[in-house]
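First the structure, in the form of structure tokens, and then the observations on it.
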Amino acid sequence: MFVILTRYSSTTCETDMTHRAKYNPQAIESKWQARWEQDELYRSKVDWSKPKYYALTMLPYPSGDLHIGHWFAMTPSDARARYMRMQGFNVMFPMGFDAFGLPAENAAVQRGIHPAKWTHANMERMRKQLRSMGAMFDWEREAASCEPEYYKWTQWFFKKFYESGLAYRSEALVNWSPTLQTVLANEQVIDGKDERTGQPVIQKMLTQWFFRMTKYADELLSYVNVDWPEPIRMMQANWIGRSEGARVIFRTEVGDHPIEIFTTRPDTLWGATFMVLAPEHPLVEQIVPAEHKESVQAYVEKAARQTELERTADDRDKTGVFTGAYAINPVNGERIPIWIADYVLITYGTGAIMAVPAHDERDFAFARQYGLEIRPVIRPDDAGDDFCVNAAYSGAGHMINSGRFDGTFANGEKGRKNGAISAVIDWISGQGYGREAINYRLRDWLISRQRYWGAPIPMVYRADGTVEPVADQDLPAQLPADVVMTGVGNPLANHEGFVNTTDSNGQPARRETDTMDTFMCSSWYWFRYLSPRKSDAAFDAEEAAYWLPVDVYTGGAEHATMHLLYARFFTKSMRDLGMFEETADIMQAHGRSPQALFDEPFMLLRNQGQILGEEREGHYIRAHGQWDSNTKLFADQVNVIDKEEALMVDPVALSHITGEFASVAEEQMSGTVMGEIVKRTENILTVRDSKGELKTVEVRTGAEINIPDVPGTNTVNQLKHHLEIQRMSKSKGNVVNPDEWVNKAGADTVRAYLMFGFDWTKGGPWDSQGIEGPARWLRDVWDIVTAGAPATASGNPDAERALERRVHQTIYKVSLDMENFSFNTAVAALMTLKNDLRAALREPGKIGAAAWTQAVKTMLLLMAPITPHLAEELWERVGGAYSIHQQAFPAYDAAKAADDMTTLIVMKNGKPVDRVDVAAGISEADAIAAAMATHGAQRALNGGTPKRVIFVPGRNEGQKSEPKVNIVV
RNA sequence: GCCGAAGUGGUGUAAUGGCAGCCACGAUUGACUCAAAAUCAAUUGCCCUGACGGGCGUGUGGGUUCGACUCCCACCUUCGGCACCA
């Protein structure tokens, strides 16, 4: 018999029967997972006699396979939830699926699988994978947003928002593909073209549903009673972008159309030398005289082909077009030209600005570009001749060229804090030219999606054009199952059976065919976890009264401004609509004050970073097929080729060399794309060729795929792309498969590695070699514990005391680190304890059985949240009572952790020059005397006297540190 | 471009303003082995030195401080977000 033992072999070495069993993670993990499930160890039930802890981690999108990023987010969160449980809390740690979304539709269009089928299959698969983590998820509380029992309530929330005036209809731009007659997601648009067809995409106005989120802008700026990371709060504050200023009405010279503008600088009104409208501004059509129609039209169309990001990039040259119309500046009656430019956005402010080139950088650049007047109206006191000639000036100064306000001091600040602004606002208000106003960068939340796989917006349009919500008893407005997903048009709008309905009077009516943004589904899911099966309410008030609010929320920082802001808005709206009244009553009945508990959804927020793909070669390909457009190829054959070959500039020349084509003509007719795969969604590849151009390759069903390294018939899914370290995602094909690692090394090892190998807030690239450290740690722990207690009852008292000291120092460190989400240092401390324990055991007789048992049991309890299966197994073997996860976390004893001796650091000007062993807690005088006696100090002083001597006392409790004496010479 | 964050040995990382590099990975040497793997022991920031020892060192340049990876200013690079990916 020939047995190959790999590093991760789970095979016990049977030839060596004298050895005890090796660590076999697979066996113990499945055993304990089954036992825990059978015993309902992680069922979280309301128990008013115990303090509760609602630990929440962001729910995954069911994209297919669980990837290592999910483990990175969830297993440390699980470890901390387990830690809180051992600290005496009744912990709820639920899980679910954010199951509506675009990838399901991609799969449907590209592979002909129904989105529901694809999603359900993925959820089933991911549930199994999630169970393999050994996390304390309470699966009885699972919720999936695509189920009618869930989205019924998403629709109900929409209705309540609509009825209270929080939801309304208005126009907004969408990415419109004229070819597909479809609205595209930003992600589907590459370089202004549809990624699937390579055809141009335009910006089109559509009437859509919005939530009045700006109503909460001010409240969203404050974070009362919550512990959220400062960077997240700052990003949200900047996203909301509150600015104080004024709205001022300019009028057109011809036709007298009012143009409302918002400005933060009303003190510069006299410096407005032109106006600019956004290309989409509704007045554009009305004010442009006939002779300018053509040029304006051309400009507006050009702007419609660009994204907002492209339009607002400051480094790009400003573009614009004169409308031929003029406006009258209300403050001085001046006639100023009206321009259209894409740097003014219809989504910000009023979509129109007064341009003050002397005091605004963007206006300055624009005026320079088109030779428009630049007139300074704020003069800095130290102004030179070149003032406002080379750059816009936005600082303090006195007003000039401003009529009655000449000489007024503007201190350069924004809002009422600036006396000049304050005075001008008061004056224009009195004159009726404008009024004080606050503007937010935050826009109302556009929730309409022209998609199939989402929760239908439960509204009905009557024959007379009025709109009404679907009656409560008719909810949910259910998605029809029988749709054909072609990627052309909107399947819901084309589905007669869905569209045609009746209104509340039984008259024929049409359904709204927009579905809701998936962020809507994820804005209330933690309420659904309270009672996921409840059919007569969104959530159960009894459960809510006990569990709410969420005590800790963990997830990626990439959600800083969108999901986390939507979630806060949703909770505040629910509070104001009275949805927590019953919950509050029940709280009070149990003596719990509901005060301020429904203002914010998540009390404590912590963000992890992202696990990046491991560095490796990606695939360069040569695809043969037929051109569909200049940039899109339908491929019948895809070959993985060498990088060098792919980077050869001319595929036509190459075809001659390789003799693959009889003639250039034939090659051009059939078509070849060569280059690196930079993106993949289902069977669509984006390839960067040797010239750096992006080409789209759609691999036809049944196409021949050749990957030299992979034997057998190859599939599109085996094509990898984009080498180098980068964000892991299914569409990038660089996913590290956790199942593979669980099979190789065990779930506990994967958990330990993810907690140990990274700064959790930062993340980083997966390293399949680095996991060896935690793997060894667990094997060592296994070996130490299964070796059993020493034969001697008691050992050397000093050695046992030293071990006890190390154990208590570790208790302190691990508790603090788990509390603070510092998982890597918690594991490091446990590894150190293992090393110390093993070193102490090396000399026979040093450690007795009692001390050994005490140390080992404590170590296992400390490890339990991190490696739940291993800890449970070994706990049983040392005679601990089932389950280790129901034990109390070890308590830290400062006296037991205290050191007798410590090292005094002697420094010269802050640099260490010597060290000496002294008693812990040494006095200042003794420390200085001891320091001065050292060699290092004598050499540093060189016979002289120090200028100063600074003593820094050490700490012998908690986070320890050594005493220091710094000699300043 | 705007907003936010991060830059520390070959690598992942650690360090309430107080010994920079804990804990690991990798590497080198040795033990065990016919050999390899595993395991064990030792070394491992860089430079000079036979050694003792010395110099330099936390992205770059300034500053504050008895003392700076840590605080402040400027710059460079990388990552996340920018409203229809989730």
So, does Arg915(A) get its side chain near the phosphate of C19(B), meaning an N or O under 4.0 Å from OP1 or OP2? no
By the 4.0 Å heavy-atom rule, please label Ser448(A) as base, sugar-phosphate, or nothing. base
Under 4.0 Å from OP1 or OP2 of A24(B): is there any side-chain N or O of Asn835(A) that close? yes
Touch class at under 4.0 angstrom, heavy-atom based, for Gln208(A) against every strand present: base
So which nucleotide does C40(B) pair with, by the Watson-Crick or G-U wobble rule with both distances under 3.5 Å? G30(B)
Should Arg779(A) be listed as having a side-chain N or O under 4.0 Å from OP1 or OP2 of U39(B)? yes
Name the closest nucleotide to the Met235(A) side chain, picking from C84(B), C3(B), C56(B). C3(B)
P atom, A35(B) versus U43(B): distance in rounded Å? 26 Å
Between G10(B) and U58(B), how far apart are the P atoms? Round to whole Å, please. 13 Å
What does G7(B) pair with, Watson-Crick or G-U, if both distances are under 3.5 Å? C76(B)
Checking ring pair (Phe, Tyr, Trp, His ring centres under 6.0 Å) between Phe569(A) and each of Phe519(A), Tyr216(A), Trp524(A), which is the one that passes? Tyr216(A)
Under a 90° cut-off about 0 for the syn range, is G30(B) syn or anti? anti
What's Met234(A) touching, base or sugar-phosphate or nothing? Going by heavy atoms closer than 4.0 Å. sugar-phosphate
Side chain of Thr518(A) - closest among A86(B), C19(B), G26(B): A86(B)
Cation over ring face, Arg362(A) and Tyr343(A), 6.0 Å, 45°: no
Could you check Arg443(A), Arg441(A), Glu280(A) and say which one makes a side-chain hydrogen bond (donor to acceptor under 3.5 Å, both in side chains) with Thr347(A)? Arg443(A)
In whole angstrom, what separates Glu962(A)'s CD from A20(B)'s C1'? 13 Å
Which nucleotide, if any, forms a Watson-Crick or G-U wobble pair with G50(B), using both distances under 3.5 Å? none
Does Arg842(A) place a side-chain N or O at less than 4.0 Å from the phosphate oxygens OP1/OP2 of A41(B)? yes
Check every atom of A14(B), A41(B), A24(B) against the side chain of Met831(A) and return the nucleotide holding the closest atom. A24(B)
May I ask which nucleotide in the shown strands pairs with G1(B), Watson-Crick or G-U wobble, both distances under 3.5 Å? C82(B)
Between Tyr348(A) (OH) and C2(B) (C1'), how many Å, whole number? 12 Å
Considering just the side-chain nitrogens and oxygens of Asn824(A), establish if one lies under 4.0 Å of OP1 or OP2 belonging to C23(B). no
Just name whichever nucleotide pairs with C19(B), Watson-Crick or G-U, keeping both distances under 3.5 Å, else none. none
Considering only side-chain heavy atoms of Arg441(A), which listed nucleotide, A15(B), G26(B), A83(B), is closest? A83(B)
For G67(B), the Watson-Crick or wobble counterpart (both distances under 3.5 Å): none
